[in-house]
Amino acid sequence: MGNGAGLLRRGGGTDVVQRIDTAEDIGPDKDASSGSKSPIASSAVSPKGTATLEARLRQLEVLVEQQAQQLHGWESSMAVVRRDSRRIVTVAQYNILASYLGKNTQPWFLHGAEITCEQRAAVFKKFGERDANGKPANAWPKYAEGILTPAQILEVNRRDEDFKWPSRKVRLVDQIRQLDADVLSLVELDEKEYFHQCLLDEWDMVFHKRPRAASLDGCGVFWRRSKFSLLAQHAIDFVDGSDDKGRLQRDRSCLMVLLQWRYTSAPPLVVVSTHLAKDPEDRSQTAVRVRQVTQIVEALTEFTALHSVSEAPVVLCGDLNAKHFGEIRGIARTVWQMTGSQLHKFLWCASDVPTGNTSITKARQCRIDAVQYLSGQMEVIEVRDVPRLPHGEVIPSAEHPSDHFPVVVKFRMKDAYQTYRELGRAWLECVAGQEKVHPLTQADLRSAFEFFDRDKSNAIHRHDLEEACCDLQCGNFFSDIQQVLLDCFPEQEISYENFIRAYEIRMNHERIRSIGELEKAFQFFAGGRRTIPLRQLEEAFREITPISFSDAEVKEMIRRLDLPLGVEEVDLRSFCEVVCRASFPHRDRRPFAPAALAEQDTWGQTLGRQSTKDLGAKLMHLSELNSSRGFSSSSPCRNPSTWSTNALSPPSKFDSDKSICGLSTEESLGLPMPPRSPSPMTLIRQLNGKVAHCPTVE
């Protein structure tokens, strides 16, 4: 090996011998093999030898540090692999308060000064004044002088230390690392390079800036490199309207990414990061936010279709700037259902992660940051507590570096068979039960059918139903439920066409779980009234529909209400019924759409109008029978805890007030009203061959 020493270093799975020669450490006239003393052993070491030893020592220290980092990386990778084996992902949403917006002297902060709402409004008014050139006429503290006392202004300046960016950005990075999220949405992100470099050791990221030139911030999505890789990304700038010169107005944006798991075969994960229009209390801004949400869902539909991941799990993270998320979704649903367009099921089936207030300032204390997800593909296993502040305390502070708290959620991805089971349960509950259910998409219904079609014969027979019901653990059905259900269909088998038809017959506005969101939409349109004049509703539609909608399309939406001649107002019952009837999420009902025409031909060949009424009557009787015989709340098919609900949706009026609900299922189908209290044996006799002759209404 020659003169010197060697260091054995292991790395990359291969033994690597890396020698650090010390030949120079042996004097120029000495030789290690000569037996002479080296400078290391001599009492007097030459300056050159000392410098060389110090250099070699530093090199050893670097190698030791590299080995320690490599070991840490291996440990992290092993931890990720262990977590991936269960397909768990931690997602965080965090509005970090952009550096250029983080000043306590802004009117929406003014921490430290105990001021009234009237004083704050006066400060806002002076803050918004403009000079002849359109620039702010008043700077701090001029826009507060005469409104706040000198002592209050002094206290505002003192508290501004909590907002200083040099110290706050360090605390933000520490906070983000403590979150230990696999996927992170950062909004109001302006110093993206700083955060990119600080988090580069574990996270990759993409960023999209807001379109307005004066706005320096945007949305950033970070993902743990050892867990995910990027498949695709897409960003949109919301069109909020147009000015008096016809120029489109854009201010906020949205960023979407498609992430592939590295170590599992789970479907890709779609992550949406956004920051909607400001001022949660402003009704006009609610209309802007609705318009932005409709553009998000439209873009999500196109993005997932383009990459063939329409059924992939979706997580939406953002500062929604809304106190009632359900209101925004309900209004957006109204727009798209009235158009008949087929959109991503996220609009119908998204669930909120419940948290406390996420923004605590002197001006507001509310929950405006959200993580929303598709409960059919993901389940929440942990929601980290949002800090609860003592009364009167606000953020940012020395402890909390932003005016928002992060929202952190741990999800477990559902496997394919678990999803099939839940879709099968949803169909059975809709057709044979009475609980409220989320609408199913075309792909959902196909998966549910395949769950029941055990022998893949393209038809469901008794043995298929028996096996499926055992799998669903629906033991609380009465014993002959499979045969009674099959008796509702021709030749005692369920084809795919009849499978969907049965679902459509039993799904109506009274059965949709998220009906409370439509009620909120009605209240938004009606402005507190019990009815909405058609002219007011048309104006509201123009206000919230995407700018691309023409006048003709808006008028077509109004025409779809199909009100009797002379009726000029819409009540809550008619509104919810018509919106739900306008478009199921699983069917593209746009006029002359090829898929819609093909389906119409199929339905016409499968079931005529009379057969549809008969099937509806039989399924209604079956539902009544299950209600009176053992399909109890203890069954997994009825236990509400097994279903995901919108955490913010209030109890619907439809749940308790039958007179408000409007038409029953039988009335909406033109069917006879069933007896109110039929005996189980009577129903069984009717269903076993005699119900085909039951009277129907033409």
Side-chain angles (χ1 to χ4, degrees), residues 91 256 267 269-272 293-294 296-301 303-305 309-318 320 325-337 341-354 370-380 409 411-414 416 418-430 435-448 500 503-504 506-521 576 579-580 582-588 640-649 652:
V91 177
M256 302 178 186
L269 177 66
V270 180
V271 180
V272 182
V293 168
T294 60
I296 289 176
V297 178
E298 187 175 25
L300 178 63
T301 304
F303 179 67
T304 54
V309 290
S310 296
E311 299 304 313
V314 177
V315 178
L316 183 146
C317 307
L320 304 188
F325 303 155
E327 178 184 55
I328 294 179
R329 280 200 303 265
I331 301 171
R333 282 180 54 199
T334 301
V335 171
W336 287 114
Q337 287 188 241
S341 299
Q342 186 178 24
L343 287 180
H344 197 281
K345 61 183 176 182
F346 193 86
L347 185 60
W348 281 265
C349 304
S351 296
D352 292 321
V353 174
V371 174
Q372 301 183 346
Y373 67 103
L374 283 177
S375 58
Q377 296 145 327
M378 313 167 68
E379 58 182 329
V380 175
V409 189
F411 293 102
R412 178 184 290 117
M413 302 295 110
K414 296 180 179 179
Q418 183 182 4
T419 301
Y420 284 165
R421 290 179 73 250
E422 293 187 0
L423 294 175
R425 179 180 293 129
W427 180 88
L428 189 61
E429 177 59 66
C430 178
E435 291 291 319
K436 293 181 181 293
V437 294
H438 283 306
L440 301 179
T441 66
Q442 183 76 41
D444 290 340
L445 288 169
R446 169 58 71 179
S447 297
I500 294 182
Y503 173 81
E504 289 191 335
R506 293 287 292 138
M507 173 62 79
N508 57 65
H509 72 279
E510 295 177 354
R511 303 292 306 283
I512 293 180
R513 175 155 293 183
S514 51
I515 195 69
E517 296 179 357
L518 291 185
E519 292 178 1
K520 285 185 174 294
C576 292
V579 170
C580 287
S583 172
F584 278 109
H586 73 273
R587 184 81 67 79
D588 188 349
S641 66
T642 64
W643 296 86
S644 174
T645 61
N646 183 338
L648 293 183
S649 292
S652 171

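This one's a predicted model, so the numbers in the text were calculated from it and none came from an experiment.
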(request) Could you tell me whether a side-chain N or O of Thr304 sits under 3.5 Å from a main-chain N or O of Val309, the two making a donor and an acceptor? (result) no

(message) Give me the atom names and distance for the closest heavy-atom approach of Lys414 to Met378.
(response) CE-O, 3.7 Å

(request) Measure across Met413 and Pro313 and return the closest heavy-atom pair with its distance rounded to 0.1 Å. (result) SD-CG, 4.1 Å

(message) Between Val270 and Val315, does the side-chain contact (heavy atoms from CB on, under 4.5 Å) criterion hold? Intermediate values first, please.
(response) CA-CA 6 Å; Val270 180; Val315 178; over 6 Å; no

(message) Within the structure provided, determine whether Phe325 and Gln372 are in side-chain contact (heavy-atom separation under 4.5 Å).
(response) yes

(request) Identify the two heavy atoms, one from Leu347 and one from Ala332, that lie closest to each other, and give their separation to 0.1 Å. (result) CD1-CB, 3.9 Å

(message) Measuring from atom OH of Tyr420 to atom CZ of Arg446, what distance do you get when rounded to the nearest 0.5 angstrom?
(response) 10.5 Å

(message) What's the separation between atom CD in Glu327 and atom CZ in Arg329, rounded to the nearest 0.5 Å?
(response) 11.5 Å

(message) Keeping Lys345 on the side-chain end and Glu311 on the backbone end, is there a donor-acceptor pair under 3.5 Å?
(response) no

(request) Search all heavy atoms of Cys349 against all heavy atoms of Pro439 and return the closest pair with its distance. (result) SG-O, 3.4 Å

(request) Please test Met507 against Val437 for side-chain contact (heavy atoms from CB on, under 4.5 Å), starting from the C-alpha separation and ending with a verdict. (result) CA-CA 8 Å; Met507 173 62 79; Val437 294; 3.2 Å; yes

(request) Have a look at Tyr373 and tell me which of Val380, Val314, Asp352 forms a side-chain contact (heavy atoms from CB on, under 4.5 Å) with it. (result) Val380

(message) Contact between Gln442 and Ile500 at the side-chain level, heavy atoms closer than 4.5 Å - yes or no?
(response) yes

(request) Indicate the atoms forming the closest heavy-atom contact of Ser310 with His344, along with that distance. (result) O-NE2, 3.3 Å

(message) Quick check against the 3.5 Å criterion: does Glu429 have a side-chain atom that pairs as donor or acceptor with the backbone of Glu435?
(response) yes

(request) Taking all heavy atoms of Leu316 and all of Phe346, pick out the closest pair and write down the distance. (result) CB-CZ, 3.7 Å

(message) Heavy-atom count check: over 12 atoms from other residues, nucleotides or ligands less than 6.0 Å from Phe303 CZ?
(response) yes

